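Okay, so here's the structure we're looking at.
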Amino acid sequence: MRVLVTGGAGFIGGHLVRALAARGHEVEALDDLSQGHAENLPADVRLHRVDVRDAAAVRAALLGFRPEVVCHLAAQISVSRSLREPLLDASVNVLGSLHVLEASCAAGVARLVFASTGGAIYGEVPEGERAREDWPALPTSVYGISKLTVERYLSALTSSQGPALRVLRYANVYGPGQDPLGEAGVVAIFTERALAGHPLVVHGRRRAGDTGCVRDYVYVMDVVPATLAAAEGDLAEPLLNVGTGVETTTQRLAEQLRALTGDAVVIEAGPPRPGDLERSVLDPTRLTAALGRPPVELRSGLEQTLAWYRARRAAC
Ligand SMILES: NC(=O)c1ccc[n+]([C@@H]2O[C@H](COP(=O)([O-])OP(=O)(O)OC[C@H]3O[C@@H](n4cnc5c(N)ncnc54)[C@H](O)[C@@H]3O)[C@@H](O)[C@H]2O)c1
C-alpha cells in the first residue's frame, strides 16, 4: 500500500512511518519540520518539506505520490499555545486539515486516518468516570475545539464521497523519541529532568501542593498498532479512543519515575497551569478489542522509555 503520513517527522509520526515501512508499505512523509526532525525518518523514506497551510504544495505532494491511505498527524499540538495563538492553531489544525482532505479527494485516496485527541476533546471527565467514544465532546481548549471541528468537517465531507474516514482519539501519548523541549509531553519532560538531576515540578490540579491533574498515559507502542489497523482497513469502528482507562496523577507519575531513576530526584510543587483540564481518562474497551490485548502498563512503558533516554544521553 502507498501511505502518506503528515507529521511523519514528529514523535508519533516517526514511529508510525517506521512501522509502516517495516510492514512492507511504500511510505512518504509530509512535514514542515517546525517541531519534527528529519532524523526521525528512515533514510529511504521521502520527506515532502511542506507546510499544511500551503494548499497548493499539499496538493502537489499528494498528486505526485498518489497514496491509497493518508494518516494525518501534522498539527500544532500545544494546548497552551492554542490559547495564546488561536489563529495560528486554527490555520494549522483546521485549515491545514481541510487542505489535506481536499488534496486527498483530488488524489483519489481510499482511506483517511485522522489523529484527534481524547485528552482534550471530552473536556472534564467527572471523578470515577471514563469517557467512552459516545461521551459528549465538550472541549475547553482551543486545541480541543480545533480537533473537534476537524472531526466534524471530515465526517460531513466524507459521508457520501471521498476517502473512508477513521478517527483516533489519542490520550496522553508517551514513549521513546518524544521531544522534552516543548510544552506538551510531561513524561518526556520529567524523564529528561530526572536523568539530569533537576527537580520534577508537579503543577497543582486546584492549588500548588495537591497531587496534580489526572491523566490517561498511553504508550506509543499501543498508539502505533491502533493507527496501523486503521490505515490497513482492519478497524471496523469509525471512531476509536486510544487510551488505557488507567488514571494517574502527575504526583504519581513523578514518584514512579523517581523510583525508576533513583531516590535522589526532588519533586517540587508548582501552581496550576491555565488551560489544564483537571481530569481526563478514556474508556479503552474498543482499543483493547482492536489490539487483541490490554494496553501496555505504565510502569513497563516508562521503563522502556527511560532506557531509550538513557541510551541517547550515553551516546551524546
Ligand atoms: N502526543 C500526544 O499526547 C497526543 C495526544 C493526542 C493527539 N495527538 C495528535 O497526534 C499527532 C502527532 O502528535 P505528536 O505528539 O507526534 O506531535 P509532534 O509535534 O511530535 O508531531 C507533529 C508533527 O507535525 C508537524 N507540523 C506541525 N505544524 C505543521 C505544519 N503547519 N505543516 C506541516 N507539518 C507540521 C511537526 O513538525 C511535527 O513533526 C498530532 O496531530 C497531535 O495533535 C498527540
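Remember, it's a predicted structure, so these values are computed and weren't measured experimentally.
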I need the [X] [atom1] to [Y] [atom2] distance, nearest 0.5 Å.
{"X": "Arg258", "Y": "Ile267", "atom1": "CZ", "atom2": "CD1", "answer": "3.5 Å"}
{"X": "Ser116", "Y": "Leu168", "atom1": "OG", "atom2": "CG", "answer": "9.0 Å"}
{"X": "Glu255", "Y": "Leu200", "atom1": "CD", "atom2": "CG", "answer": "10.5 Å"}
{"X": "Leu98", "Y": "Leu154", "atom1": "CG", "atom2": "CG", "answer": "7.0 Å"}
{"X": "Arg299", "Y": "Gln304", "atom1": "CZ", "atom2": "CD", "answer": "12.0 Å"}

Ignoring hydrogens and geometry, is there a side-chain-to-backbone donor-acceptor pair from [X] to [Y] under 3.5 Å?
{"X": "His203", "Y": "Gly270", "value": "no"}
{"X": "Asp210", "Y": "Arg206", "value": "yes"}
{"X": "Arg166", "Y": "Leu235", "value": "yes"}
{"X": "Arg111", "Y": "Ala231", "value": "yes"}
{"X": "Thr261", "Y": "Ala194", "value": "no"}
{"X": "Ser97", "Y": "Asn93", "value": "yes"}

Would you indicate whether the side-chain heavy atoms of [Y] and [X] approach each other to under 4.5 Å?
{"X": "Leu282", "Y": "Tyr122", "value": "yes"}
{"X": "Gln178", "Y": "Val220", "value": "no"}
{"X": "His48", "Y": "Asp31", "value": "no"}

Would one find more than 12 heavy atoms of other residues, nucleotides or ligands at under 6.0 Å from atom [atom1] of [X]?
{"X": "Arg310", "atom1": "CZ", "answer": "yes"}
{"X": "Arg293", "atom1": "CZ", "answer": "yes"}
{"X": "Glu129", "atom1": "CD", "answer": "yes"}
{"X": "Arg2", "atom1": "CZ", "answer": "yes"}

| field | Worked check of side chain to side chain contact (heavy atoms under 4.5 Å, CB included) between Glu192 and Arg313 | value | CA-CA 9 Å; Glu192 275 282 339; Arg313 285 178 76 82; 3.6 Å; yes
If you compare all heavy atoms of [X] against all heavy atoms of [Y], which two are closest, and at what distance to 0.1 Å?
{"X": "Ala107", "Y": "Leu63", "answer": "CA-CD2, 3.9 Å"}
{"X": "Leu195", "Y": "Tyr309", "answer": "CD1-CB, 3.7 Å"}
{"X": "Ala226", "Y": "Leu291", "answer": "N-CD2, 4.1 Å"}
{"X": "Leu228", "Y": "Arg23", "answer": "CD1-CD, 3.6 Å"}
{"X": "Pro284", "Y": "Gly243", "answer": "CB-O, 3.2 Å"}
{"X": "Leu41", "Y": "Val45", "answer": "CD2-CG1, 4.4 Å"}

| query | Between the side chains of Glu297 and Tyr219, is a donor N or O closer than 3.5 angstrom to an acceptor N or O? | reply |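 Looking only at side-chain atoms, Tyr219 and Glu297 do not form any donor-acceptor pair under 3.5 Å.
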| task | Begin with the C-alpha distance, continue with both residues' side-chain angles, and end with the deciding distance and a verdict on side chain to side chain contact (heavy atoms under 4.5 Å, CB included) for Val70 and Val3. | result | CA-CA 6 Å; Val70 170; Val3 187; over 6 Å; no
| said: Under the rule for ring-ring contact (aromatic ring centres under 6.0 Å, His included), what residues qualify as partners of Phe114, not counting sequence neighbours? | reply: His72
| message | If the condition is ring-ring contact (aromatic ring centres under 6.0 Å, His included), which residues does Phe11 pass it with, not counting sequence neighbours? | response | His15
| message | Under the rule for side chain to side chain contact (heavy atoms under 4.5 Å, CB included), what residues qualify as partners of Ser155, not counting sequence neighbours? | response |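 Leu165.
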| task | Take Leu101 and Leu157 through the test side chain to side chain contact (heavy atoms under 4.5 Å, CB included) and record every step on the way to the result. | result | CA-CA 9 Å; Leu101 173 65; Leu157 293 169; 3.6 Å; yes
Could [X] and [Y] be called an ion pair, given the rule that one side-chain N must be under 4.0 Å from one carboxylate O?
{"X": "Arg279", "Y": "Glu124", "result": "no"}
{"X": "Glu151", "Y": "Lys147", "result": "no"}
{"X": "Glu102", "Y": "Arg59", "result": "yes"}

| task | Spell out, yes or no, whether Val173 and Val246 are grouped together once hydrophobic residues are joined by side-chain heavy atoms under 4.5 Å, including indirect joins. | result | no
| request: Going by the side-chain hydrogen bond (donor to acceptor under 3.5 Å, both in side chains) test, name the single residue among Asp222, Asp216, Thr288 that passes it with Thr244. | output: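 In the set Asp222, Asp216, Thr288, the residue that makes a side-chain hydrogen bond (donor to acceptor under 3.5 Å, both in side chains) with Thr244 is Asp216.
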| task | Any chance you could lay out the side-chain hydrogen bond (donor to acceptor under 3.5 Å, both in side chains) test for Tyr170 and Thr227, step after step, and finish with the verdict? | result | CA-CA 10 Å; Tyr170 302 155; Thr227 312; 2.9 Å; yes
| request: Show your reasoning for whether salt bridge (charged side-chain N to carboxylate O under 4.0 Å, His left out) applies to Arg252 and Glu247. | output: CA-CA 10 Å; Arg252 178 81 191 117; Glu247 58 180 271; over 6 Å; no
